[in-house]
Amino acid sequence: MKKHKILIIGAGGQLGTELTQGLWNLYGKENVIATDIKDPQGILSQGNFEILDALKQKQLFDFIKKNSITQIYHLAAVLSATGEKNPKFAWNLNMDSLIHVLDAAVEFKLDRVYWPSSIAAFGPTTPKLNTPQHTVMDPTTIYGISKFAGERWCDWYFRNKGVDVRSLRYPGLIGYKSKPGGGTTDYAVDIYFKAITDKKYECFLKEDTYLPMMYMDDAVKATLDIMEAPKEKVKVRSSYNIAAMSFCPAEIAAEIRKHIPEFTISYNPDFRQSIADSWPKSIDDSAARKDWGWQPAFALASMTEDILQNLPALLADEVEK
Ligand code: SER
């Protein structure tokens, strides 16, 4: 079997923290190098970790060469809400780092590259229910525009340079092992933290705002599954729709109340409401299911149960430290 040496860029983020552990389990800690622009928090310091800035092309290329990297997971990005506050920075970071990684894949003949897209690549005139794999895409946030453009770059590098790049359009990702990272869907992460610490939550979206969501365990599984799939099965080289569940703030609150009866929610929508309103409510992921066997395991009830079972101990540990 070919030996893999894996580089994760942006490992300190919400997805990166958990994906790094998935990659440790699959390939062994010694074959995975997690990197970010900031020092590692928590669990990441238990494996190989280095500071790396993917905006610096020479630094990136030297790193790949020195460590004989064969695969890259490029996760670094500015998310939707943060990106609107500093659009040019978000655009430069999201695009330049991707192009550097794709160029590195050509230069060093990398085995494969992973790069995430998002439901943010869709926009107000995209069909909102069961959004098809191939459809109108008119993103309105800088984050979404960078994901849409990034998808086209990935497809271009696959067609013209033979780069084996694979990508998923994540819905809102919900995990409890790291704090929310500036996204519009992140209310669904924050709400669990506040349910435990304050027994109440003020939501920045309206109560009936439906968005596609996914538990982090499923997101990690989907990512590893598409990266492990035989090359010929990965037929979409822009990015695959994937789905698990759709819910609105009122529904997640009701689910939390089954475990914490005194929990209350109030609503105070802000600029993130119009971002949420421009995105799909549910996603058709039949292409991913058919091509490489995607299937989610978690729905709202099972996810809530899992988080509310594990998060209190994690928060108690933090207080002790
Ligand atoms: N979770 C992201 C955001 O809300 C969407 O991919 O920005």
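Atoms within a ligand are numbered from 1 in the order they appear, just like the ligands themselves.
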Lys161 and Asp103: salt bridge (charged side-chain N to carboxylate O under 4.0 Å, His left out), yes or no, with the steps? CA-CA 9 Å; Lys161 307 275 181 184; Asp103 279 339; over 6 Å; no
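Residues satisfying the side-chain hydrogen bond (donor to acceptor under 3.5 Å, both in side chains) criterion with Ser167, sequence neighbours excluded, are Ser239.
Taking the six-membered ring where the residue is Trp, Tyr187 and Phe204 present perpendicular rings, their angle passing 60° and hence far from 30°. Taking the six-membered ring where the residue is Trp, Trp156 and Trp153 present perpendicular rings, their angle passing 60° and hence far from 30°.
Remark: ligand 1 atoms within the under-4.0 Å shell around heavy atoms of Leu79 are 7 (O). Listed by atom number, the atoms of ligand 1 under 4.0 Å from Trp279 heavy atoms are 3 (C), 4 (O), 5 (C), 7 (O). Within the listing of ligand 1, atoms 3 (C), 4 (O), 7 (O) sit less than 4.0 angstrom from a heavy atom of Ser80.
Shortest contact from atom 6 (O) of ligand 1 to any protein heavy atom: Ser118 OG, 2.5 Å. Of all protein heavy atoms, the one lying nearest to atom 4 (O) of ligand 1 is Thr184 N, 2.7 Å.
Ligand 1 lies less than 4.0 angstrom from a heavy atom belonging to Thr185.
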N/O donor-acceptor pairs under 3.5 Å from side chains in residues 71-80, not counting sequence neighbours:
unit_1, atom_1, unit_2, atom_2, d
Gln71, NE2, His4, ND1, 3.3
Gln71, NE2, Asp111, OD2, 3.2
His74, NE2, Ser97, OG, 2.9
Ser80, OG, Thr184, N, 3.2
Ser80, OG, Thr184, OG1, 2.8

